[in-house]
Amino acid sequence: MNVLVVNAGSSSLKYQLLNTETREVFAKGNCERIGIEGSFIGHTENGEKGTLEVALPDHRTAIKHVFDILKTVDQPIEGIGHRVVQGGWYFPDSAIVTDETLAQVREVAPLAPLHNYAEADVIEICRDMFPELTNVIVPDTAFHYNMPEHAWRYALPRDVVDKYHVRKYGAHGTSHRFIWRTVHEFMGDKTHKLVSCHLGSGASLCAIEDGQCMDTTMGLTPLDGLIMGTRTGTIDPATVFYLNRVGGYSIDEIDTMMNKKSGMLALSGRSSDTRDIEEAANAGDENCAMAMEMFFYRTAQLFAEMAASMEGVDTMAFTAGIGENSDTYRQGVADRLAWMGVKIDPELNKVRSDDPRVISTPDSAIKVLVVPTNEELMIALDVKRLIEA
Ligand code: ADP
């Protein structure tokens, strides 16, 4: 089945047209600066990249252009999958778009206002423009929906929790689900307790036991858990009150500070990109060296936390930008888990490949893998599954 996967942000729209059987990607691209001066579409087809400078006053115009561009591919589009950041309390699985499910995406939007409103608008536009196509909602949170109550519940007053639906929702669920699926295909019955480590500019770990999410490091929002490119990760929540009352920062300023100005960017004082940080650390920058040390430390600590949530772990998988590409970061994390019996082979760790691969030594207590993630394929497979059902 040919599926168009759409990932809408407030001012961007990524798309990919692929086939679920052959996994061939016919074309992909990104509409950038929607509603802002200087908008353009970066499009890749047959390995060739092109840029189309075009006015994109709104998402509807962007989608119109995407469908026009995709005409040159000459492949029928048989379904559309929409990545949705927050499924809230409604989506334990992906779902076909109906009036009801679309309203639910909007209802939970206050939990992820920068994403869900734009995503809901784009879903509505696609339904309106191409009524013959089935649209599917694929929430990033769905995989975490059924984690045990002791993992998702927050120790806040019950009336507050119930009224405002405050709980751990997690994120990166589509990626973690894909990693489980791939590891399971690759390792067969040897894997039962997997910690999936999605380390990109956003980063989260997920404990997965026989395909079931047992816990994850992101919380009500993606701010929780690991130190990330520009996010703090877990810090004492009272920091917010303190900065507000004593520092005089408004809640919005603290929100921006903790989401956009913190993390590796703040620690390094240079960049949110781990490549720049590593280069500077190698050249003697102490802040960058400390930023890396803290990232390794926190990842190892949270790995152990995820293992505890399953009362064991047999497999660890690294994925996303840092996890797939940086042997330094993988080694740094593994070194801090040597006490758990994690041992990676430095030669295997240096191998570069687009395929899943084992990088641990034969005597490692935990199998360590690198598994390139493919959220678009996972979304497309959901579209096929739901349409065929
Ligand atoms: P997201 O999808 O969350 O934006 P990605 O999964 O694409 O993030 O990861 C982006 C991050 O991966 C960047 O911050 C970059 O620092 C990091 N990265 C990519 N390649 C490498 C590399 N070779 N070494 C270290 N870090 C890398």
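The chain is numbered in sequence order, starting from 1. Start at 1 and go down the list; that is how both ligands and their atoms are numbered.
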side-chain contact (heavy atoms from CB on, under 4.5 Å) between Glu376 and Ile379: does it pass, once the steps are laid out?
-> CA-CA 5 Å; Glu376 290 80 10; Ile379 291 172; 5.7 Å; no
Would a search of protein heavy atoms around atom 18 (N) of ligand 1 find one under 4.0 Å away?
->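 Yes.
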Does one side chain, of His198 or Thr319, offer a donor that lies under 3.5 Å from an acceptor on the other?
->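 There is no such pair (donor and acceptor under 3.5 Å, judged by atom type) between the side chains of His198 and Thr319.
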Between Arg127 and Asn135, does any side-chain donor sit less than 3.5 Å from a side-chain acceptor?
->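 Arg127 vs Asn135: no donor-acceptor pair found between side chains.
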Please report which non-hydrogen protein atom sits nearest to [atom], along with the residue it belongs to and the distance in Å to one decimal place.
atom	result
atom 15 (C) of ligand 1	Asp273 OD1, 3.5 Å
atom 11 (C) of ligand 1	Ser201 N, 3.8 Å
atom 9 (O) of ligand 1	Gly321 CA, 3.3 Å
atom 23 (N) of ligand 1	Asn325 CB, 3.4 Å

Reference residue Lys168; test side chain to side chain donor-acceptor pair (under 3.5 Å); the match among Thr216, Thr141, Asp215 |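 Testing Lys168 for a side chain to side chain donor-acceptor pair (under 3.5 Å) against Thr216, Thr141, Asp215 leaves exactly one candidate, Asp215.
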Does ligand 1 have any atom that is closer than 4.0 Å to a heavy atom of Gly202?
->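 In this structure, Gly202 qualifies as a contact of ligand 1 - some heavy atom is under 4.0 Å.
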Got more than 12 heavy atoms from elsewhere within 6.0 Å of OH, Tyr249?
->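 It does not: Tyr249 OH has 12 such atoms or fewer within range.
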Could you check which of Thr319, Thr373, Thr274 puts a non-hydrogen atom nearest to atom 27 (C) of ligand 1?
->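 Residue with the shortest heavy-atom distance to the ligand atom: Thr274.
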Have a look at Arg330, Met228, Arg275 and point out the one with the heavy atom closest to atom 24 (N) of ligand 1.
->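 It is Arg275 whose heavy atom sits nearest to atom 24 (N) of ligand 1.
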Is there at least one pair of N or O atoms, one from Leu199 and one from ligand 1, spaced under 3.5 Å apart?
->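 No, Leu199 has no N/O under 3.5 Å of an N/O on ligand 1.
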